[in-house]
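Remarks on the structure that follows.
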Amino acid sequence: MEQRLIRNFSIIAHIDHGKSTLADRILEVTHAVTAREMRDQLLDSMDIERERGITIKAQAVRVMWECGGVTYQLNLIDTPGHVDFTYEVSRSLAACEGALLVVDAAQGVEAQTVANAHLAIDNNLEIVPLVNKIDLPAADPDGASAEISDLLGDRPEHVLRISAKSGLGVPALLDAVVERIPPPAGDRAGPSRALVFDSVYDQYRGVIAFVRVVDGVFRTHQGVAAMATGNRFDVEEIGVMSPQRTPIDALEAGEVGYIVTGLKDVSELKVGDTLTLQAAPAAEPLPGYLDVKPMVFAGLFPSDGEEYADFRDALEKLKLNDASLQYVPETSQALGFGFRVGFLGLLHMEVIRERLEREFGLDLIATTPNVEYRVATVGGAEVEVNNPSQMPDANGIETISEPYVKSSVIVPKEFVGTVMELCQDRRGDFDHMEYLTEKRVVLIYRLPLAEIVLDFYDQLKSRTRGYASFDYEVAGYTASNLVKVDILLNGDVVDALSLIVHRDKSYASGRALVERLRTIIPRQMFDVPIQAAIGSRVIARETIKAKRKDVLSKCYGGDISRKRKLIEKQKKGKKRMKQLGIVEVPPEAFLAVLSLDETK
Amino acid sequence: MLGVAMVPRTFATAPCRKGARHDCDNARVPARHLYVHVPFCAHRCGYCDFVTVTGHDDRHAAYVAAVLTELRLRGGALDPAPDTVYVGGGTPSLLGANLLARLLDALPPAAERTVECNPESVTAALAATLGARDIRVSLGAQTFQAPLLSVLERQATPADVTTAVDLLRAAGVRNLSLDLIHGIPGQDDAALDADLDALIALEPDHCSVYELEAKPGTRFTHHHRAALDAQAERLEGHYERVIERLEAAGYRWYEAASFERGDAWSRHNSAYWRGRDYLGVGIGAVSTLGDERRTNGPRLAAYLAALAAGSEPPGTVEGLDDATRVRERLILGLRLAEGVEHAAVADVIDDAALAALVAHGVAREDGGRILLEKRGRHLAHDIAARLLRDA
């Protein structure tokens, strides 16, 4: 199709502002799917995505729309809505000329609205702002429109008003897509280049790349090269999603579609890479390729050691579809053989863990998530440590640096004090504060990432009664006064429970963790001391008192079945416990740090 | 006229599977233990979870007749000369001397025959009925502290217990057991000691000391929630105190909650703990016979109606395979000082767990039996859960 008749756009929004619902409605209004085929949030194809109402993998769909008697090709590129997946959002945006910025009429502009709008502006996209959910009783479309136009420096009347749920305003929105978003402007004659903005693994077809052709043409059976990795392959099939995979002969500059690569592993074709033709390669790749680095690390161990091989296979399979997933084998004295897995963020971690347990039937124990530290040793070397148990001996350490993030919190002004208190408590450095509107404030803090990965977001939500929204971007490493706190159970260090904390907080953390463990670990047949120690110095101690009685007194002819069932239940309870020496430890103990604040 | 039908009705035709370890070889051996449930009570105590019936004095005779009918109908499952007969409740003594005598005379003779009594319903006539038949009496004292008796909603006074013991002894009852409950809301260490003093002073041949089991959802648990929570930890100390005091007084702690001296251990209850078959008749009564456990329905009217019509009472049946019976045998056997025969439970136990328990000094093996050390006996449930192999 001629480039002037093509529009490529994304939908960007804060989580739950209705992005996926709008995508569904667009498919329906353009008759890409019939009402019968319509499943809610069709584009979110993973079960977990549908259940959690979040989008993890981006997808691209081609629909046709008639405007002023002319039929246009609209390519809708859905984007992930969570901060963990910002990189994928930015790659999706790089494939577009425009973006629909969705704001909930009742919630107004939120932290990810701002972050996503900035991303779109950075990518030179034409933003079509719109207020969604205008039919909600609590909707304030005027207020929300004013906030958006403030944010974008636009006029409030330029902000469209829709209800993605009912479809109200959606046809007008599609007209606006045609009228306001510029057509692509690639060179159809030039050397072919296409941006890979997503990839998925299909067990029958191998890696399928989602691409935006920027210049030239790509056809079936052509030899293609990925410019960043240098990998080469032949195009097995080329096509568009409408919304099912539909093969076509060629994708031309300005068009969006998929390429079946035949590659066996998504890591061979990275998101952000540029494809070109082997026969006539482009000189320069498209800008902006980044290797995404995991930010959060945790040990994952099968609770039954015999499942290790299954676990390894499962990780390999997930990795096929998720290039950002990184893992290395880890051996814990306490938990046996497992993997240290790197994640983009906490949500990513939860999603991966849930998929491992649900799709692969594994029963996993996770250790407390942590960040990656850079340790300068006395000998002058720098080592990266993403596992507290591997922290070098304190004597050999010159400095420990930890990753920081620049975080922005948007909150009604009455919560400013609360949020500042939380950020200070988490070792945050105040940067600045702005009034977004009369009532809402954005607070910018530099925070150690380690302080965020545990429960910052939960705390923020609960302390602001759900009103705060939060976003962050990485902001380099800073040296901090950090120490490793070990936990000893019955006199033995449990490596999987070690944590790295700021020295000023080490006593409080050690004490809180020891107390928490005392409540989590059930009483045993013996007294079990729990200690927190820095090096050989014990900083906190608790004792789990031995259980002295565990036998129901009465047991006669009528009680036997009940008694047997009780003991079988007890047996089941024991099965999920991890046996550390003579101590039975429930799996949740390894995440005890996460719930420390609850006990305060 | 006794329920000794020569053609066993219900249980005759089920031959045992190979490898069965219960009381049978190729054909089922009849049970040697009979339980008779008498559900009537003057008042239903708040903590009680037995099947009981209050306010049906007019039906006592009909009930006794019905029980005897049931025994006739199901008697094929019982050896005509059983080892033990146990009349429990409810309050069997509430039947009164005459009706109780009629029941006892209709039941088969046995070396040990027990009747449960409440102190306030023991009269001279009742005591004479029991003494004349050499009945073992289990007397529900529960506590000797008046305020605690009222917490339990018991109708007896502390003096009633002493009076009952005197009457029973005077009537020639040679084997007397007293029940005591600890863990009563409001019972402190001193009150427990006072109860133990009183119990020991009465010189029973046998005693059972139970921790009060406050079942979730009962009126009692609801009413005493705060006190029950507050004393949870203290109960462990109470249990230890009970054992220590009774052992010091010359009693043998032969089962988790049971003590005896002079060879007065309960043969009937020991049959349960040794995993033997037993026939139970009366409403709510449970029978364990080979590969099934039958529980009679709890409703009096339905029970009387069924038996008046000459049919077996309504009830439910739980299938028990061999492995389940062996698992039960382990669970129950660990309650006993004598432990459990290793070979009998070898198929269901985890050898590594046993070795660990032995290494930790809570269990030992002796003469082919698995025995728990004293501290292990306090933790018999935990140990059973560890010992059982995954099913």
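Proteins come first, then strands; the chains are lettered A, B, ... in the order of their sequence lines, and each starts at number 1.
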Non-hydrogen atoms of chain A under 4.5 Å away: do they reach the side chain of [X], the backbone, both or neither?
X	value
B/His360	both
B/Ala256	side chain
B/Thr295	neither
B/Leu332	side chain
B/Tyr278	side chain
B/Arg386	both
B/Leu334	neither
B/Ile243	neither
B/Val362	side chain
B/Glu213	side chain

Would you mind reporting whether [Y] and [X] have side-chain heavy atoms less than 4.5 Å apart?
X	Y	value
A/Arg355	A/Phe360	no
B/Leu357	B/Glu373	no
A/Leu488	A/Val494	no
A/Lys563	B/Ile331	yes
B/Val115	B/Ser138	no
B/His378	A/Val551	no

**OP:** Measure across B/Pro82 and B/Val85 and return the closest heavy-atom pair with its distance rounded to 0.1 Å.
**Re:**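 Minimum heavy-atom separation between B/Pro82 and B/Val85: CG-CG2, 4.3 Å.
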
**OP:** Just give me the residue among B/Arg335, B/Glu318, B/Glu211, B/His33 that pairs up with chain A most often, heavy atom to heavy atom, under 4.5 Å.
**Re:**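 Most heavy-atom pairs within the cutoff with chain A belong to B/Arg335.
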
**OP:** Identify which of B/Val51, B/Leu387, B/Leu388 forms the greatest number of heavy-atom pairs closer than 4.5 Å to chain A.
**Re:**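 Of B/Val51, B/Leu387, B/Leu388, B/Leu388 has the most heavy-atom pairs under 4.5 Å with chain A.
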
Original post:
With chain B, which of A/Arg562, A/Lys569, A/Lys572 has the greatest number of heavy-atom pairs at distances under 4.5 Å?
Top reply: A/Arg562

Subject >> Top of A/Lys571, A/Arg548, A/Met525 for chain B proximity - count of heavy-atom pairs under 4.5 angstrom >> reply: A/Arg548

Subject >> Sidechain N-carboxylate O distance under 4.0 Å for A/Lys547, B/Glu236 >> reply: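 A salt bridge is absent here (no side-chain N lies under 4.0 Å from a carboxylate O).
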
Subject >> Side chain / backbone / both / neither for A/Lys554 at chain B, heavy atoms under 4.5 Å >> reply: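 Interface part for A/Lys554: both.
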
Original post:
Do A/Glu542 side-chain atoms and A/Arg518 backbone N/O form a donor-acceptor pair below 3.5 Å?
Top reply: no

Subject >> Lys NZ or Arg CZ of B/Arg375 over A/Phe526 ring: under 6.0 Å, within 45° >> reply: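 That pair qualifies as a cation-pi contact.
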
